Amino acid sequence: MDVSSDKYEKIVDLAARRGFFWPSYEIYGGLAGFYDLGPLGSLLKENIRKLWLDYFVFRHQDMVVLIETPVIAPEIVFKASGHVESFTDPIVTCSKCGKIYRADHLLEDILGIKVEGLRPEELTSIIREKGVKCPSCGGELEDVRTFNLLFQTNVGPYKHDVAYLRPEAAQGMFTSFKRVFNAMRYSLPLGIAQVGRVARNEISPRQGMVRLREFTIMEVEFFFDPEDAEEPDFSRFPEKLRILTADARSKGLDEVVVVRPEEAVAEGIVLNKWLAYWMSVAQAFAKELGLREDEILFEEKLPEERAHYSKQTFDQLVSISRWGWVEISGHAYRTDYDLSRHMQFSGEDMTVYRELKKPKEVTKKSVVIDQELLKEYFGSDTPRVLQALRRLSVEEVEKILSEGEVIVDGFKVPARVFRIEEVKEVVRGRRFIPHVVEPSFGAERLLLVVLDKAYYEEGGRVVLKLPPKLAPYKLAVFPLIPKEESLRTLARRIYHDAVKAGLTVIYDEDGSIGRRYARVDEIGVPFAVTVDYQSLEDNTVTVRFRDSREQIRIKSDEVIKWVLNNL
RNA sequence: GCGGCGGUCGUCCAGCCUGGUCUAGGACGCCGGCCUCCCAAGCCGGAGAUCCCGGGUUCAAAUCCCGGCCGCCGCACCA
């Protein structure tokens, strides 16, 4: 076992022991892909969530808003989104022993042929043609069916009211887009953010907290006008992005290009400027979690790796012990796919209207019908004929003009009633379906990454060098000599004042001072205040730094202000 | 799901091969007490284990056999 995997073991051990996380339902043997967050883990995740909200919502509050939508959605939503059809793997069951295989992998293993992307019926016929049997018992294989990674449930008592647990929060943003867009007074670009639980019925989740069947997703669906020339303000997050392009990957190269996001757009590496912008925000956010720039890499997904809705996808990978490069965020250019699909399936108009900066004059052909002439031909039938003729397009009328006459609703209409004229028209705006880029993070994965980056061993003891902003507890307060009532009194007063000021604080009078420092180092408390005899004389206390173990003396009534300033 | 490895106090590990003396042992941690004026000191005491689950073999199973569950690694999928 190498050093890095050893480190991971130690983190998992620490996590379970001190209360960051552990496998769910342990008393019943656990359930793969499900983890509990303990007291410290809950606080840490909340702090990660807050930091994410800061970067992705509040620092962009002129254009990004937060919403919350249900975990459960009716079947139609995921039919429209494409998940019912595409969020699947093909599987095949042995009729004799009941074992289940991934059909495409089985065929690739046994026959050594490429079958990726084939439909279930095609896979079934290959199995029949080649006489493929169950590799375990030799039994007959059933027809290939698809295994959907959506968790299915029912709403209410009726079996046919099928619903699913969402595998991403995104569909809530799409289905409520019109409401939010309206509430935000029709402004574009518009980001809709959501933090919430999602569930994916992974066939076999591994890697502990890295792959879960239920987890918290933090997403922004960012809606914009694809024709809008306005640039994102790249100067706000002046990041250099390290990008491994799909082109390089398909050539088997691992050459990383290092570019500013706006350069990546200009050079055609990233297809959309907003996609690039949010990648730079994502990197700035990752750095605040304790990652160095050289531990971050954006990997472009190959076409066959991309989700069905995406035109281009980058994963933000970060390097951690044990698993090397791990995806912490996905950045997908979803175009107008989702809104278009929901428009089709719901019948709701998902287009938006935007006024042009300058109205423009266009000349276009227009059909003019000579109504006087029409009256001569059709008399009292004129209104009916007119109504029918108005449905004709310019092209249809041009055809009629060349043919001499047309029969509409049983009326024979001569071409001479039509005339085509060029007319000038003022266009003030246009209707279109907004395009979407999506940055999407898995919160529990970030929690593991943060612990991995913060974990240090120094002199045989563990120190979690968590960024103070993320630390579950911000301050520890100790009386140096616990049996000295006067020291305890002062220490307790500082503790209560700190709690009142909104800090998370640990008070401990148990064991030697060194032991108490060690205990709080292990859970990443950045500052420890110790009350000693001098405190009683001059009203000062020591503040001890977790990372350096250095101490300074400050006035005891300034402790809280000092801590707040140093978070 | 397949293949490999594993599962014993909170944690790490010993015991398993060669079944009985294991009412399962140690270390660390935890709790109580003593001591201690700043970095896991020391002393005394204490709590804490369905030996992963189910079946089988046996007079006797933590130990041997079978099945399952869970975890880790590889394949695949993905935040």
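Keep in mind that this is a model prediction, so the values were computed, not measured. Sequence lines set the chain letters: A, B, ... in the order given, protein chains first and strands last, and positions in each chain run from 1. In what follows, every heavy atom counts, from backbone to side chain, and hydrogens, waters and symmetry copies are set aside.
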For [X], check side-chain hydrogen bond (donor to acceptor under 3.5 Å, both in side chains) against everything at least two apart and list the hits.
X	answer
A:Glu46	A:Arg49
A:Gln152	A:Tyr164
A:Glu142	none
A:Lys50	none

Mind checking A:Leu212 for me? I need base, sugar-phosphate or nothing, with any heavy atom below 4.0 Å counting as a touch.
base
Look at all strands and tell whether A:Gly19 reaches a base, only sugar-phosphate, or nothing, counting heavy atoms closer than 4.0 Å.
nothing
Ignoring hydrogens and angles, answer whether the base of [N] and the side-chain atoms of [X] contain a donor-acceptor pair closer than 3.5 Å.
X	N	result
A:Glu202	B:C78	no
A:Arg445	B:C78	yes
A:Arg211	B:C77	yes

Sequence-distant partners of [X], side-chain contact (heavy atoms from CB on, under 4.5 Å), two or more places apart:
X	answer
A:Pro482	A:Glu509, A:Arg516
A:Lys287	A:Glu239, A:Gln283, A:Glu293, A:Ile296
A:Ser250	A:Asp247, A:Leu302
A:Thr175	A:Val77, A:His342

Which of these passes side chain to side chain donor-acceptor pair (under 3.5 Å) with A:Arg553: A:Thr542, A:Asp538, A:Asp532?
A:Asp532
Residue pairs passing the salt bridge (charged side-chain N to carboxylate O under 4.0 Å, His left out) test where at least one lies in residues 325-334 of chain A, sequence neighbours excluded:
A:Glu168-A:Arg334, A:Glu327-A:Arg445, A:Arg334-A:Asp338, A:Arg334-A:Glu438
Expressed in whole Å, how much space separates the P atoms belonging to B:C78 and B:U18?
47 Å
Using the C1' atom on both, measure B:G25 against B:C64 and round to a whole Å.
23 Å
Flag as yes if A:Phe441 stacks onto the base of B:A79 (centroids under 5.5 Å, planes under 30°), otherwise no.
no
Considering only nitrogen or oxygen atoms on both sides, find all protein atoms under 3.5 Å from nucleotides 7-12 of chain B and state each distance.
{"from": "B:U11", "atom 1": "O3'", "to": "A:Asp13", "atom 2": "OD1", "distance (Å)": "3.1"}
{"from": "B:U11", "atom 1": "O2'", "to": "A:Asp13", "atom 2": "OD1", "distance (Å)": "3.1"}
{"from": "B:U11", "atom 1": "O2'", "to": "A:Asp13", "atom 2": "OD2", "distance (Å)": "3.0"}

Could you tell me if A:Arg59 sits above the aromatic ring of A:Tyr55, with its cationic atom closer than 6.0 Å to the ring centre and no more than 45 degrees from the axis?
yes
Sorted by number, residues from residues 282-292 of chain A placing a heavy atom under 4.0 Å from RNA chain B are none
Quick one, give me the B/S/- string for nucleotides 34-41 of chain B, reading 5' to 3', where B means a protein heavy atom under 4.0 Å from the base and S means that only happens at the primed atoms, P, OP1 or OP2.
--BBBBBS
